[in-house]
Protein chains: 2
Amino acid sequence: MLSIGELSRATDCKVETIRYYEKIGLMPEPARSAGNQRRYGERHRDRLHFIRHSRQLGFRIEAIRELLALSDQEHRDCAAVDALARRHRDAVDDRIGALCALRDELDRMIKGCAGGDVAHCGVIEVLGDHRLCRNDHPLEAVAGKQ
Amino acid sequence: MLSIGELSRATDCKVETIRYYEKIGLMPEPARSAGNQRRYGERHRDRLHFIRHSRQLGFRIEAIRELLALSDQEHRDCAAVDALARRHRDAVDDRIGALCALRDELDRMIKGCAGGDVAHCGVIEVLGDHRLCRNDHPLEAVAGKQ
DNA sequence: TTAAATAGCTGTAGTCACTACAGATAGACG
DNA sequence: CGTCTATCTGTAGTGACTACAGCTATTTAA
């Protein structure tokens, strides 16, 4: 039986995060010691590994909930899992595209700025006037929403 | 003089967001009508354009605060602006790299999943076992923190 | 055995950049 | 004058944690 600290070290997941996952129902409530401390088994550890790895791959909590439900089924619906993973990959792809466009825009902006103490700062100018930009950059694709 | 709704349409920025920027001190308090409604001038519109465009380019609010302070100076410190923009571009670059690695990982995972009703679902397997992964994927670089 | 050090408990609030609402007032138009 | 839309303030919600306060449990050393 693992204490929450041992589980934390075993999964590289902070203690607070483990309790948070329990609160939102992503991790099941574990057994308790006589003094009311959490005691975890292997199943908990495996599940937390699954969750953490999914998060590292950028899946959202709600997607992970679905993945867990699918993986718990007797006869796994692999097609559904596959679809979820593909959707996520495509979303990541879109984000990469948006960020590349953004980087190019930033690059152009920086190149227009010579550096030094001048009244005509290219960067400031571009920031103040969208028309100096080559393309649109929708905020959503850039911000961390995935 | 523009009402908050007119400014909103002129800058493609929601009314609530304008009030939010005022509350956090990013936009100055405007004049008021007899009935206590906000009335904006050109300077406000220019400043909000600057803020929105900077946000679209992924700058954080605190960075925009700095950019605004720098752009307000009599003798602009263009080098400081340049450095800020470069730091931001480099951060975007790092994120692109992380997301590309992530997408490749997702691709490999999806390829290992044939689809259908099988006990050995490649995706679920990989998610449960980090060792089946090629590389590390630190959560921070992937999550939308910028 | 006991004291100290470490670990764990619950509950709440903070992060970021908004967004959404509720309940009130202002202004524009016919 | 009535109606409709716009605006007002203030608060709470979002996602996925993180941090803290004030307490209790457990472990280790003396």
Whole Å only: how far is the [atom1] atom of [X] from the [atom2] atom of [N]?
{"X": "A:Glu6", "N": "C:dA7", "atom1": "CD", "atom2": "C1'", "answer": "10 Å"}
{"X": "A:Glu29", "N": "C:dC9", "atom1": "CD", "atom2": "C1'", "answer": "14 Å"}
{"X": "A:Phe59", "N": "D:dA16", "atom1": "CZ", "atom2": "C1'", "answer": "17 Å"}
{"X": "B:Tyr40", "N": "D:dT7", "atom1": "OH", "atom2": "P", "answer": "10 Å"}
{"X": "A:Arg19", "N": "D:dC20", "atom1": "CZ", "atom2": "P", "answer": "14 Å"}
{"X": "A:Tyr21", "N": "D:dC17", "atom1": "OH", "atom2": "C1'", "answer": "8 Å"}
{"X": "B:Arg38", "N": "D:dT7", "atom1": "CZ", "atom2": "P", "answer": "10 Å"}
{"X": "B:Asn36", "N": "C:dA26", "atom1": "CG", "atom2": "P", "answer": "8 Å"}

Between [X] and [N], is there a side-chain N or O to OP1/OP2 distance below 4.0 Å?
{"X": "B:Thr17", "N": "C:dA17", "value": "no"}
{"X": "B:Ser3", "N": "D:dT7", "value": "yes"}
{"X": "A:Ser33", "N": "D:dT26", "value": "yes"}
{"X": "B:Arg65", "N": "C:dA17", "value": "no"}
{"X": "B:Arg32", "N": "D:dT9", "value": "yes"}

TODO: Mind listing the closest non-hydrogen atom pair of A:Phe50 and B:Ile124 along with its distance?
DONE: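 Looks like CE1-O, 3.7 Å.
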
What one should report as the nearest heavy-atom pair of A:His88 and A:Leu57 is NE2-O, 2.7 Å

- prompt: More than 12 heavy atoms of other residues, nucleotides or ligands under 6.0 Å from CG of B:Asp12: is that the case?
  reply: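 Result for CG/B:Asp12: open.
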
inquiry  = Looking at A:Arg32, I want to see if its CZ is surrounded by more than 12 non-hydrogen atoms of other residues, nucleotides or ligands under 6.0 Å.
reply    = yes

Handout entry: Of A:Arg9 and B:Lys23, the one whose closest DNA chain C nucleotide lies more 5'
Key =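 Result: A:Arg9.
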
Rounded at 0.5 Å granularity, tell me how far CD1 in A:Ile18 sits from CD1 in A:Ile4.
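The CD1 atom of A:Ile4 is 5.0 Å from CD1 of A:Ile18, to the nearest 0.5 Å.
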
